Amino acid sequence: MPELPEVEAAARVLRDAAVDRRIVSLRCLHAATCRAVAAEDIARLAGRRIVDVARRGKHQLLTLDDGSTLHVHFRMAGDWHVDRVGDDDARHTRAVLTLDDGTRVSLVDPRALSTIVVHAAGASTLPALGPEPTDDGFSAAVLADALRSRRGPIKPVLLDQRVVAGIGNIYAAEALWRARISPTAVANRLSPARLARLADALRDTLLEAIAAPGRYSAGETRDAMHVYGREGEPCSRCGTAIRRRVQAGRSTYYCPRCQAR
DNA sequence: CGTATCCTGACC
DNA sequence: GGTCAGGATACG
């Protein structure tokens, strides 16, 4: 489920349910999800008020009234389920946040790869992240700067969160298709025209997905996807069969004609 | 740079 | 039984 647009949607759900509420308890149901959470962290959370919910890249940050931070990452398959105290746990519930108005926010994750970390006030909470492609300041120049030292193929480079925050496997492929750039093009040798197209494609693809949640979701309508998961289907721009290859262990989908080197 | 690893479930 | 999965990281 989660790439940046889905995390943005999830963070909004969480914000609506949780901001200004106090935490009654955090219950951990799967050891891996909470491996970084100490028993004393759980004790300290009780009674804290949630004052803010923010997203940075694919990270969700809950700021609490003592300045500490609850840091959640969905990885491959996490999501929030909001219901009420007393409801049955959804399948694959890994952790449950109970709030003082009877709301329950559950971290549901079939693969149990999601992580929860508690950071004390003032402790740095995020790994190094590149610029947000949805920010107003994002541009070809900013992208060129982020790619400057990267000699590798552009597609795996885009998945490195230190280069650009929040790009995942789907949107890397979709943005490269939109920008008509080969996934094997050398990242720091893109022409100015290609850099401009890629910066626009990254921003526009993500903004469209944020504006229309679900249109990129696998299993539901994936009308908006042009290459991801479409091996063998005709390219919507030129009719050539979409191809799949593996880069850095991950599937890359692309049109061999539109995205020729 | 690529590969293995963390997890579980779906599908062939 | 093997492969694959929208992520990230530790390692060679």
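Just so it is clear, the structure is predicted and the values come from calculations on it, not from any experiment. Each chain gets a letter, A, B and so on, in the order the sequences are listed, and its residues count up from 1.
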Is [X] salt-bridged to [Y], going by a charged N under 4.0 Å from an acidic O?
{"X": "A/E208", "Y": "A/R178", "result": "yes"}
{"X": "A/R197", "Y": "A/D200", "result": "no"}
{"X": "A/D160", "Y": "A/R150", "result": "yes"}
{"X": "A/R49", "Y": "A/D66", "result": "no"}
{"X": "A/R44", "Y": "A/D41", "result": "yes"}

side-chain N/O [X] vs [N] OP1/OP2, d < 4.0 Å:
{"X": "A/R250", "N": "B/dG2", "value": "no"}
{"X": "A/T115", "N": "C/dA8", "value": "no"}
{"X": "A/Q161", "N": "C/dG7", "value": "no"}
{"X": "A/H73", "N": "C/dG7", "value": "no"}

From [atom1] of [X] over to [atom2] of [N], roughly how many Å is that when rounded to an integer?
{"X": "A/L4", "N": "C/dA8", "atom1": "CG", "atom2": "P", "answer": "10 Å"}
{"X": "A/Q247", "N": "B/dG2", "atom1": "CD", "atom2": "P", "answer": "7 Å"}
{"X": "A/I170", "N": "C/dA5", "atom1": "CD1", "atom2": "P", "answer": "11 Å"}
{"X": "A/H59", "N": "C/dG7", "atom1": "NE2", "atom2": "C1'", "answer": "10 Å"}
{"X": "A/M76", "N": "C/dT3", "atom1": "CE", "atom2": "C1'", "answer": "13 Å"}
{"X": "A/L126", "N": "C/dA8", "atom1": "CG", "atom2": "C1'", "answer": "14 Å"}
{"X": "A/R151", "N": "B/dC1", "atom1": "CZ", "atom2": "P", "answer": "10 Å"}
{"X": "A/L129", "N": "C/dA8", "atom1": "CG", "atom2": "C1'", "answer": "11 Å"}

(message) Just to be sure I understand the rule, does A/G152 reach a base, reach only the sugar-phosphate, or reach nothing, if contact means heavy atoms closer than 4.0 Å?
(response) sugar-phosphate

(message) At 4.0 Å (heavy atoms only), tell me whether A/V157 reaches a base, stays on the sugar-phosphate, or touches nothing.
(response) sugar-phosphate

(message) Going by side chain to side chain contact (heavy atoms under 4.5 Å, CB included), name the residues that satisfy it together with A/A248, two or more places apart in sequence or in a different chain.
(response) A/P156

(message) Holding to side chain to side chain contact (heavy atoms under 4.5 Å, CB included), I want the full list of residues that pass it with A/A165, two or more places apart in sequence or in another chain.
(response) A/R56, A/L129, A/E132

Pull out every protein N or O sitting under 3.5 Å from an N or O of nucleotides 10-12 of chain C, one pair per line with the distance.
none

(message) Please report whether the ring centroid of A/Y253 lies less than 6.0 Å from that of A/W177.
(response) no

(message) I'd like the P distance from C/dG2 over to B/dA4, given in whole Å.
(response) 15 Å

(message) Roughly how many Å apart are C/dT3 and B/dT3, using the P atom of each and rounding to a whole number?
(response) 15 Å

(request) Dot-bracket notation for DNA chain C is requested: 5' to 3', Watson-Crick or G-U wobble pairs only, both distances under 3.5 Å, with ( ), [ ], | and . as defined. (result) |||||.||||||

(request) Using the side-chain contact (heavy atoms from CB on, under 4.5 Å) rule, pick out the option among A/H81, A/R94, A/R91 that qualifies with A/V108. (result) A/H81

(request) Evaluate side chain to side chain donor-acceptor pair (under 3.5 Å) for A/E174 paired with A/T205, printing each intermediate quantity in order. (result) CA-CA 7 Å; A/E174 293 296 323; A/T205 307; over 6 Å; no

(request) Please determine, for the side chain of A/K58, which listed nucleotide (C/dC4, B/dC1, C/dG7) has the closest atom? (result) C/dG7

(request) For the side chain of A/Y253, starting at C-beta, report the closest nucleotide among C/dT9, C/dA5, B/dG2. (result) C/dA5

(message) Between A/R244 and A/S251, is there a side-chain donor-acceptor contact under 3.5 Å, judged purely by atom types and distance?
(response) yes

(message) What does the B/S/- profile of nucleotides 6-12 of chain B look like, 5' to 3', with a 4.0 Å heavy-atom cutoff to protein?
(response) BBBS---

Return all side-chain donor-acceptor pairs below 3.5 angstrom for residues 23-38 of chain A, not counting sequence neighbours, or 'none' if the list is empty.
from, atom 1, to, atom 2, distance (Å)
A/H30, ND1, A/A32, N, 3.1
A/R35, NE, A/A32, O, 3.3

(message) Can a donor-acceptor pair be found, under 3.5 Å and without considering hydrogens, that links the side chain of A/D135 to the backbone of A/G137?
(response) no

